[in-house]
Amino acid sequence: MNIAIYPGSFDPVTNGHLDIIRRSAKIFDKLIVAVSVNSQKKPIFSIDERIEMVKKVTSDIENVEVKAFTAGLLVDFAVEEKAKSLIKGLRAVSDFEYEFQMALINKKLKPSVETFFMMASEEYSYLSSSIVKEVGSLGGDLTGFVPEEIIDDIKTKLASK
Ligand code: ADP
């Protein structure tokens with residue numbers, strides 16, 4: 001079975017993430033969305049809330065699993081999950097430098113794990129979790145930015161901040 005991991009913080013999951021998930025799930029037998037703790041970012045949603053949201057919006061995709069990735073190296077997590085591939089979404093040139101470095105270091109750490117880059121679809125290339133939070137906190141309509149099913153969860157969270 002050809003298994004891939006799509007890692008990220010998904011704080012919250014956006015239509016850009018979902019687009020990468022749907023496209024990758026068509027190519028790999030199984031896609032594991034690895035929701036990470038990421039100490040460098042300060043998420044507004046807890047890891048359990050982020051996992052629940054990703055589960056909610058991917059429930060119709062049979063070969064997608066959502067898991068917490070909380071400690072250690074991503075490549076070790078991949079090996080544990082018997083995944084040979086990592087999927088990264090690329091929006092703009094600005095994503096490239098960091099992702100390129102990560103792909104090379106991951107290759108050094110575990111040569112058996114490959115990184116695949118998927119270009120963001122044009123209609124979502126401007127989307128990020130942070131811009132969604134900014135628009136939402138200023139009272140903007142989130143329709144089209146995130147899946148409908150989680151708009152209320154996001155509004156409730158932002159209102160409590
Ligand atoms: P963000 O960068 O929005 O905070 P994450 O850390 O959760 O999001 O990103 C997880 C992965 O999804 C990364 O590989 C990132 O490049 C990719 N990604 C994020 N937003 C988009 C988008 N709009 N289109 C395609 N890929 C995206």
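Every value quoted in this text rests on a predicted model; they were computed, and no experiment measured them. Nothing fancy with the numbering, it's 1 onward along the sequence.
The residue from Ser129, Pro12, Pro147 that alone fulfils the side-chain contact (heavy atoms from CB on, under 4.5 Å) condition with His17 is Ser129.
Asn106 has its side chain out of reach of Val113: every pair of non-hydrogen atoms, C-beta onward, lies at least 4.5 Å apart. Annotation: side chain of Lys67 is not in contact with side chain of Val33 (no heavy-atom distance under 4.5 Å). A heavy-atom distance below 4.5 Å is found between the side chains of Leu73 and Leu109. Within the 4.5 Å cutoff, no side-chain heavy atoms of Ile3 are placed close to those of Asp29. Put simply, the side chain of Leu127 reaches to within 4.5 Å of the side chain of Asn15, judged on heavy atoms. At least one side-chain heavy atom of Val146 sits less than 4.5 Å from a side-chain heavy atom of Ile154.
Remark: Lys161 NZ is packed, more than 12 non-hydrogen atoms of other residues, nucleotides or ligands lying under 6.0 Å away. Environment of CD in Glu149: crowded, with over 12 heavy atoms of neighbouring residues, nucleotides or ligands closer than 6.0 Å. A 6.0 Å sphere centred on NZ of Lys107 holds more than 12 heavy atoms belonging to other residues, nucleotides or ligands.
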* To do: Any chance you could lay out the side-chain contact (heavy atoms from CB on, under 4.5 Å) test for Phe145 and Thr14, step after step, and finish with the verdict?
  => CA-CA 6 Å; Phe145 300 157; Thr14 69; over 6 Å; no
* Asked: When you look at Asp153 and Glu49, which way does the side-chain contact (heavy atoms from CB on, under 4.5 Å) test go after all the steps?
  -> CA-CA 9 Å; Asp153 298 332; Glu49 289 170 330; over 6 Å; no
* Asked: How far apart are the C-alpha atoms of Arg23 and Asp19, what are their side-chain angles, what is the distance that settles it, and do they pass the salt bridge (Lys or Arg N to Asp or Glu O under 4.0 Å) test?
  -> CA-CA 6 Å; Arg23 288 161 62 200; Asp19 177 58; 3.0 Å; yes
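Ionic pairing of Asp95 and Lys88 is not present here: no N-O contact between side-chain nitrogen and carboxylate oxygen is shorter than 4.0 angstrom. The existence of a salt bridge linking Glu114 and Lys84 is excluded, since no basic side-chain nitrogen approaches an acidic carboxylate oxygen closer than 4.0 Å. For the pair Lys133 and Asp11, the salt-bridge criterion is met [side-chain N within less than 4.0 Å of a carboxylate O]. Salt bridge status for Asp48 with Lys55: absent, with no side-chain N to carboxylate O gap under 4.0 Å.
Ring orientation note: the planes of Phe10 and Tyr6 are nearly perpendicular, at an angle over 60° on the 30°/60° scale. Ring geometry for Phe77 against Phe69 counts as tilted: the plane angle lies between 30° and 60°, on a 0 to 90° scale.
The nearest pair of heavy atoms linking Ala103 to Phe117 is CB-CZ, 3.9 Å.
For the pair Arg50 (side chain) and Ser36 (backbone), a donor-acceptor distance under 3.5 Å is present.
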